[in-house]
Enquirer: 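Got a structure here, written out as structure tokens. Questions coming.
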Amino acid sequence: MALPETPSLNIALIAEQRSIYHDQGYSDEECAALPHNGEASHILTTLQELGHHVTLVPGIQSLVKHLAAGTNKDWDLAFNIAQGFHGLAREAQIPALLDAYQVLYTFSDAATMALCQNKVYTKIILAHHGIPTAPFSVISRADQKLRLDDLSEMLPHYPLFLKPVIEGSSKGIGKFNKVTEPAELESAVRKLRSLLPDQDILVEPFLSGRELSVSILGTGVQSRVIGVTEFLWQNPSSDSAPGNRSHSSLEFASRKSKCSDTNILIVRNDAGLMAETQVKVACQVALDAWKTFGCRDAGRVDIRFSSNEHNAIPNVLELNPISGLLPGHSPLASSAEENGFPYKKLLAAIIQSAFSRKSACYS
């Protein structure tokens with residue numbers, strides 16, 4: 001489908017640079033959620049190829065200086081891929097500033113960013129709207145002593161899975177997060193608290209089925225699926241078709257496993273895989289969640305099935321209202337490319353989606 005042409009724009013590309021934080025002494029693990037090395041340059045070059053003038057704004061401190069100086073008045077649009085670095089609602093900080101200064105920007109607003117960053121708030125809203133998500137309990141960072149009685153509803157459902165309430169990019173996730181007995185649970189809680197002492201811990205039943213990441217383009221009724229990525233945490237048998245694999249040794253996403261391209265399968269529409277039953281169901285659940293939270297322009301919804309049975313439940317793991325856009329690496333860009341939405345077209349569509357809000361929000 002041809003996209004309406006957007007005029008040549010003055011665009012501020014807001015993106016943190018990992019090198020700045022590395023120079024300040026932060027580790028690769030602490031910088032894991034920031035844009036990938038080379039991501040901002042790919043976006044900048046592509047926006048220029050689309051005919052736009054681009055100003056690179058390397059993070060929130062630089063943005064504050066632009067706002068204070070008033071140079072933002074020359075911007076037609078902010079293309080925001082900043083993840084933030086400090087605070088429990090860090091992904092909402094730049095959208096909040098841009099709203100305060102009435103700067104039009106890509107992707108979701110501050111309220112949606114803050115909700116989606118908190119996995120507990122996300123699950124409460126999903127459950128309220130009848131969108132599948134696994135049952136859960138929370139271990140508060142304020143409770144220094146782990147009381148298993150508080151988790152009595154969860155304990156019969158071993159194995160369990162523990163993860164920090166406010167993190168992305170599989171930070172704080174390793175082999176220890178999947179637990180099969182109380183002793184492992186206590187050990188995992190201690191480990192997470194040592195890694196991320198300022199965060200609550202989410203406890204859920206471990207979901208043993210397929211894991212899909214659904215890439216979505218658009219806002220509201222205009223939202224549509226443009227690609228699906230399946231994450232394979234084991235090697236599929238050579239005679240198994242996608243969707244019919246044995247998951248007996250299925251693992252889960254960790255910082256280590258995400259670094260291996262062999263764990264990723266692009267679900268290709270031209271091979272008929274997008275019409276496979278579980279993929280179709282996952283796409284519908286993802287769209288329902290995307291619209292419920294008011295996500296905008298483009299992003300991903302991660303789905304994990306409760307089991308490998310044909311009637312397994314597609315549970316929403318999390319929503320990614322701001323998603324990586326590194327070509328050949330990020331699931332959103334890769335799955336879109338494989339399904340007929342090349343990178344330049346994807347960025348043009350994101351801009352068009354955001355620009356359609358101009359008259360409504362900033363008249």
Side-chain angles (χ1 to χ4, degrees), residues 33 78-84 87-99 104-136 138 163-170 200 202 204 207 211-229 280-305 313-325 330-332 335-336 346 349-350 352-354 356-357 360-361:
F79 197 104
N80 174 40
I81 63 166
Q83 300 279 344
L88 299 181
R90 57 187 176 274
E91 292 178 1
Q93 292 167 353
I94 282 178
L97 280 172
L98 295 173
D99 275 335
L104 182 68
Y105 58 93
T106 58
F107 307 120
S108 295
D109 62 20
T112 294
M113 292 289 194
L115 282 174
C116 292
Q117 188 164 6
N118 188 304
K119 293 179 175 65
V120 171
Y121 296 165
T122 297
K123 291 173 75 67
I124 290 171
I125 294 171
L126 289 168
H128 176 76
H129 287 274
I131 299 171
T133 189
F136 69 98
V138 178
K163 52 189 169 185
V165 167
I166 301 173
E167 276 305 343
S169 304
S170 294
D200 296 338
L202 182 68
E204 303 173 297
L207 304 174
E211 183 170 342
L212 305 173
S213 186
V214 180
S215 298
I216 296 175
L217 177 69
T219 304
V221 295
Q222 303 298 323
S223 305
R224 63 193 189 277
V225 174
I226 57 170
V228 176
T229 302
K280 288 177 63 178
V281 171
C283 288
Q284 186 57 59
V285 169
L287 276 172
D288 291 343
W290 182 263
K291 294 174 185 177
T292 294
F293 279 81
C295 299
R296 307 190 309 204
D297 302 341
R300 300 179 359 256
V301 179
D302 296 338
I303 304 284
R304 184 125 185 186
F305 283 84
I313 298 171
N315 293 276
V316 175
L317 291 179
E318 62 180 312
L319 290 89
N320 299 274
I322 187 165
S323 180
L325 284 169
S330 301
L332 172 59
S335 62
L346 175 62
I350 290 169
Q352 181 62 39
S353 176
S356 67
R357 294 191 290 275
C361 299

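Worth knowing before you read on, the calculation uses all heavy atoms, side chains too, and leaves out hydrogens, waters and symmetry mates. For clarity, every value in this text was computed on a predicted model and none was experimentally measured.
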Enquirer: Minimum heavy-atom separation for Pro95 to Asp109, with atom names?
Expert: CB-C, 4.0 Å
Enquirer: Under a 4.5 Å cut-off applied to non-hydrogen side-chain atoms, are Phe293 and Ile131 in contact?
Expert: no
Enquirer: Check whether any side-chain heavy atom of Thr133 lies under 4.5 Å from a side-chain heavy atom of Thr122, and answer yes or no.
Expert: no
Enquirer: Working to the nearest 0.5 angstrom, can you tell me the gap between Leu207 CG and Asn315 CG?
Expert: 5.0 Å
Enquirer: Looking at Asp302, is its backbone amide N or carbonyl O close enough to the side chain of Ser213 to form a donor-acceptor pair, meaning the two atoms are under 3.5 Å apart?
Expert: no
Enquirer: Starting at CD1 of Ile322, measure out to SG of Cys295 and round the result to the nearest 0.5 Å.
Expert: 11.5 Å
Enquirer: Could you tell me whether a side-chain N or O of Lys123 sits under 3.5 Å from a main-chain N or O of Ala134, the two making a donor and an acceptor?
Expert: yes
Enquirer: Do the side chain of Asn118 and the main chain of Tyr121 share a donor and acceptor less than 3.5 angstrom apart?
Expert: yes
Enquirer: Do other residues, nucleotides or ligands put more than 12 heavy atoms under 6.0 Å from Ile125 CD1?
Expert: yes
Enquirer: Return the minimal non-hydrogen interatomic distance between Ala110 and Ala92, and the atom names on each side.
Expert: O-CB, 3.3 Å
Enquirer: Once rounded to the nearest 0.5 Å, what's the spacing between atom CD1 of Ile216 and atom CG of Asp297?
Expert: 12.5 Å
Enquirer: Rounded at 0.5 Å granularity, tell me how far CG in Leu212 sits from CZ in Arg304.
Expert: 10.0 Å
Enquirer: Do Thr106 and Asn80 have side-chain N/O donor and acceptor atoms under 3.5 Å apart?
Expert: no
Enquirer: Locate the shortest heavy-atom distance separating Arg300 from Leu332; write the atom from each residue and the value.
Expert: CD-N, 3.7 Å
Enquirer: Which heavy atom of Glu91 sits nearest a heavy atom of Gln117, and at what distance?
Expert: N-OE1, 3.2 Å
Enquirer: Within the 4.5 Å heavy-atom criterion, are Gln222 and Ser353 side-chain neighbours or not?
Expert: no
Enquirer: Looking at every non-hydrogen atom in both residues, tell me the closest pair between Arg357 and Tyr105 and how far apart they are.
Expert: NH2-O, 2.9 Å
Enquirer: Measure the spacing between CD1 of Ile303 and CD1 of Ile313 and express it to the nearest 0.5 Å.
Expert: 12.0 Å
Enquirer: Taking Trp290 for the side chain and Val225 for the main chain, is one N or O donor matched with an acceptor at less than 3.5 Å?
Expert: no
Enquirer: Taking the side chain as everything from C-beta on, heavy atoms only, tell me whether Val301 gets closer than 4.5 Å to Leu287.
Expert: no
Enquirer: State, with a plain yes or no, whether a side-chain heavy atom of Arg90 is found less than 4.5 Å away from one of Ile166.
Expert: yes
Enquirer: Nearest 0.5 angstrom please: Leu104 CG to Ser356 OG, how far?
Expert: 8.5 Å
Enquirer: Determine, step by step, whether Val120 and Asp200 satisfy the side-chain contact (heavy atoms from CB on, under 4.5 Å) criterion, reporting the C-alpha distance in whole Å, the side-chain angles of both residues, the deciding distance to 0.1 Å, and the verdict.
Expert: CA-CA 9 Å; Val120 171; Asp200 296 338; over 6 Å; no
Enquirer: Within a strict 4.5 Å, meaning less than it, do heavy atoms of the Thr112 and Phe107 side chains meet?
Expert: no
Enquirer: What are the two closest non-hydrogen atoms of Val316 and Ala289, and how far apart are they?
Expert: CG2-CB, 4.3 Å
